[in-house]
Amino acid sequence: GRVIGFSGRILSGDEKTAKYVNSPETPIFTKSKVFFGLDKAKRSIVDAGCAIICEGQLELIACCMGGVQNIVAPQGTAFTDQHARILKRYGDAGARLDALARAPKTPAGMRAEIFTQAGNAWLLGGNGAKAAASLRAALTLSAGDADLYADLGRADAMLRNWKDAVLDLNAAIGLRRDAGLLVLRASAQRALKDYRAALADINSALSIRPGNGDALLERGLLRRDLGDIGGARKDFAAAQKSGSAIVKREAADALDAIKD
């Protein structure tokens, strides 16, 4: 609960102005490793077995006023691996749910759903290996739906098992073809340097949801990897205008990284 820096949120102003304003980073105040409200929420996170992550300080305060206590917020930056490792110290919902799914007294008809919930909890905690294990256990007990295969794809991507992630997402897209799933598969294909397939998926995503921020960000990353810096800049700038708060921050960071 000790002060390590200051943070504020601009309530109105130019769209080009950063929404969140923080103290300069120091060895003890690094945005990628800090949560707002964690000192107050950690006991509730342990009790609940999971954490809720919201966008920023005001959203967190509003949730707390509404009675939600197991909640934290990044400091105006994207959720990182370091953030996941911090939360992993406090929440063990994945372990509890996985154990419940395997318990002899758990009805057989409930096991697949509980394994799926365990996988989702492991994903939140940043444990890709255990998430994949729980989700694959769910698939042995059910036919699987698009969301289950998509979550398995996320787990495999977290483990950098890109080929498996593509296979998982192929199954998800076979069941439900939507922009979000296409962008996820494009990201895995880009990691495999299958740029043609990645671009095809991005273009398909944009045909389904024109101006989609996630697709624009992913296309910008693809163009950056291919050396098309001008095209990447345009996509990152467009993603900043149409994406979610997280996409806008990631696009801004990517744009800053390629500035001359």
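From a predicted model like this one, the values you see are computed outputs, not experimental measurements. Numbers for residues simply follow the sequence, beginning at 1.
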Do you know the tightest heavy-atom contact between [X] and [Y]?
{"X": "D151", "Y": "L123", "value": "O-CD1, 3.8 Å"}
{"X": "A251", "Y": "Q240", "value": "CB-CG, 3.7 Å"}
{"X": "A138", "Y": "T116", "value": "CB-OG1, 3.5 Å"}
{"X": "P74", "Y": "C54", "value": "CD-O, 3.2 Å"}
{"X": "G144", "Y": "L148", "value": "CA-CD2, 3.8 Å"}
{"X": "L182", "Y": "A205", "value": "CD1-N, 3.8 Å"}

side-chain hydrogen bond (donor to acceptor under 3.5 Å, both in side chains) pairs, two or more places apart, involving residues 99-111: D98-R102
State the [atom1]-[atom2] distance between [X] and [Y], to the nearest 0.5 angstrom.
{"X": "R209", "Y": "S242", "atom1": "CZ", "atom2": "OG", "result": "9.5 Å"}
{"X": "I52", "Y": "E59", "atom1": "CD1", "atom2": "CD", "result": "14.0 Å"}
{"X": "D201", "Y": "L184", "atom1": "CG", "atom2": "CG", "result": "10.0 Å"}
{"X": "L221", "Y": "F236", "atom1": "CG", "atom2": "CZ", "result": "4.5 Å"}
{"X": "L222", "Y": "R224", "atom1": "CG", "atom2": "CZ", "result": "9.5 Å"}
{"X": "L60", "Y": "M65", "atom1": "CG", "atom2": "CE", "result": "12.0 Å"}

Using the test side-chain contact (heavy atoms from CB on, under 4.5 Å), find all partners of [X] that sit at least two apart in sequence or belong to another chain.
{"X": "A157", "result": "W162, A165"}
{"X": "T140", "result": "none"}
{"X": "R176", "result": "A146, D147, D178, L181"}

Could you list the residues that satisfy ring-ring contact (aromatic ring centres under 6.0 Å, His included) with F36, not counting sequence neighbours? none
Look at the side-chain heavy atoms of Ile, Leu, Val, Met, Phe, Trp and Tyr, link any pair under 4.5 Å apart, and say whether [X] and [Y] land in one connected group.
{"X": "F115", "Y": "L97", "result": "no"}
{"X": "L141", "Y": "Y149", "result": "no"}
{"X": "L255", "Y": "I229", "result": "yes"}

Listed pairs under 3.5 Å, donor-acceptor, residues 166-175 side chains, sequence neighbours left out:
residue: N170; atom: OD1; partner: R185; partner atom: NH1; Å: 2.8
residue: N170; atom: ND2; partner: V166; partner atom: O; Å: 3.4

Tell me, do S134 and Q117 make a side-chain contact under 4.5 Å, heavy atoms counted? no
Is it true that a side-chain atom of [X] and a backbone atom of [Y] form a donor plus acceptor pair closer than 3.5 Å?
{"X": "E113", "Y": "M110", "result": "no"}
{"X": "N161", "Y": "D164", "result": "no"}
{"X": "S23", "Y": "F6", "result": "yes"}
{"X": "H83", "Y": "A73", "result": "no"}
{"X": "T30", "Y": "K33", "result": "no"}
{"X": "R223", "Y": "R233", "result": "no"}

side-chain contact (heavy atoms from CB on, under 4.5 Å) partner of I202, the single match among R190, Q189, E218: E218
Walk me through whether I208 and L206 qualify under side chain to side chain contact (heavy atoms under 4.5 Å, CB included). CA-CA 5 Å; I208 295 171; L206 287 169; over 6 Å; no
